[in-house]
Q: 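My questions all concern the structure below.
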Amino acid sequence: MDNYVNHYVVVAIFLVLGILLPVVALTVGRLLRPHKPTEPKRSTYESGNEPVGEGQVRFNIRYYMFALMFVIFDVETVFLYPWAVAYNKLGLFVLVEMVIFAGMLLVGLLYAWKKRVLKWN
């Protein structure tokens with residue numbers, strides 16, 4: 001029982017330190033930094049040029065969807081690499097699981113294709 005509680009004490013210490021250290025560092029930094037705001041310091045900085053026009057530009061949602069699809073399939077290929085390296089040791093069960101996984105990826109790709117997410121105008 002004592003060893004069981006000891007694990008929780010270690011977790012609690014790390015939790016307190018994980019919260020306390022950033023708060024203390026940010027507070028000390030705020031107290032020690034110089035704070036003399038002026039109008040030029042409050043203006044937007046764009047490579048030394050005066051800002052012109054509106055600061056927000058609207059982008060087409062297709063750019064985000066295309067990027068999201070890339071990230072999803074890029075991350076999923078990371079799961080294929082360890083499987084390919086250890087394929088001889090894993091056996092038939094893991095082969096079936098990987099076929100199911102690749103099938104789910106294919107269904108997602110077909111769904112994105114049907115919704116025309118991958119069409120670039």
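We count residues from 1, following the sequence as given.
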Q: Mark yes when over 12 heavy atoms from residues, nucleotides or ligands other than Phe73 sit less than 6.0 Å from its CZ; otherwise mark no.
A: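 Enclosed: over 12 neighbouring heavy atoms sit under 6.0 Å from CZ of Phe73.
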Q: Is there a side-chain contact (heavy atoms from CB on, under 4.5 Å) between Val94 and Tyr87? Walk through the geometry before answering.
A: CA-CA 8 Å; Val94 178; Tyr87 173 72; over 6 Å; no
Q: Sequence neighbours left out, what passes side-chain contact (heavy atoms from CB on, under 4.5 Å) with Val28? Give chain and number order.
A: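 Val28 satisfies side-chain contact (heavy atoms from CB on, under 4.5 Å) with Val24, Leu32 only.
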Q: Applying a strict under-4.5 Å side-chain criterion to I, L, V, M, F, W and Y, I'd like to know whether Met104 and Leu68 cluster together.
A: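 In one cluster with Met104: Leu68, no.
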Q: Are there over 12 heavy-atom neighbours, none belonging to Met65, within less than 6.0 Å of that residue's CE?
A: no
Q: Hey, any chance Leu106 and Val75 share a hydrophobic cluster, counting ILVMFWY side chains that come within less than 4.5 Å of each other, even indirectly?
A: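 They do not share one cluster, since no chain of ILVMFWY contacts under 4.5 Å joins Leu106 to Val75.
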Q: Between Phe14 and Val10, does the side-chain contact (heavy atoms from CB on, under 4.5 Å) criterion hold? Intermediate values first, please.
A: CA-CA 6 Å; Phe14 274 105; Val10 171; 3.8 Å; yes
Q: What is the minimum heavy-atom distance between Met69 and Ala112, and which atoms define it?
A: CE-CB, 3.2 Å
Q: Could you check whether atom CZ of Arg30 has more than 12 heavy atoms from other residues, nucleotides or ligands sitting under 6.0 Å from it?
A: no
Q: Is the distance between the ring centroids of Trp83 and Phe79 less than 6.0 Å?
A: no
Q: Going hydrophobic residue to hydrophobic residue with side-chain gaps under 4.5 angstrom, can you get from Leu92 over to Leu90?
A: yes
Q: Tell me whether Leu15 shares a hydrophobic cluster with Ile13, the cluster being built from Ile, Leu, Val, Met, Phe, Trp, Tyr side chains joined at under 4.5 Å.
A: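 The answer is no; the residues belong to distinct hydrophobic clusters.
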Q: Side-chain heavy atoms nearer than 4.5 Å, only ILVMFWY residues, links allowed to pass through others: does that put Val16 and Tyr8 together?
A: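 No, no single cluster joins them.
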Q: Would you say the side chain of Leu80 lies within less than 4.5 Å of the side chain of Phe101, judging by non-hydrogen atoms?
A: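 When only atoms from C-beta onward are counted, Leu80 and Phe101 do touch, with a gap below 4.5 Å.
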Q: Can you list everything that forms a side-chain contact (heavy atoms from CB on, under 4.5 Å) with Pro82? Sequence neighbours excluded, please.
A: none
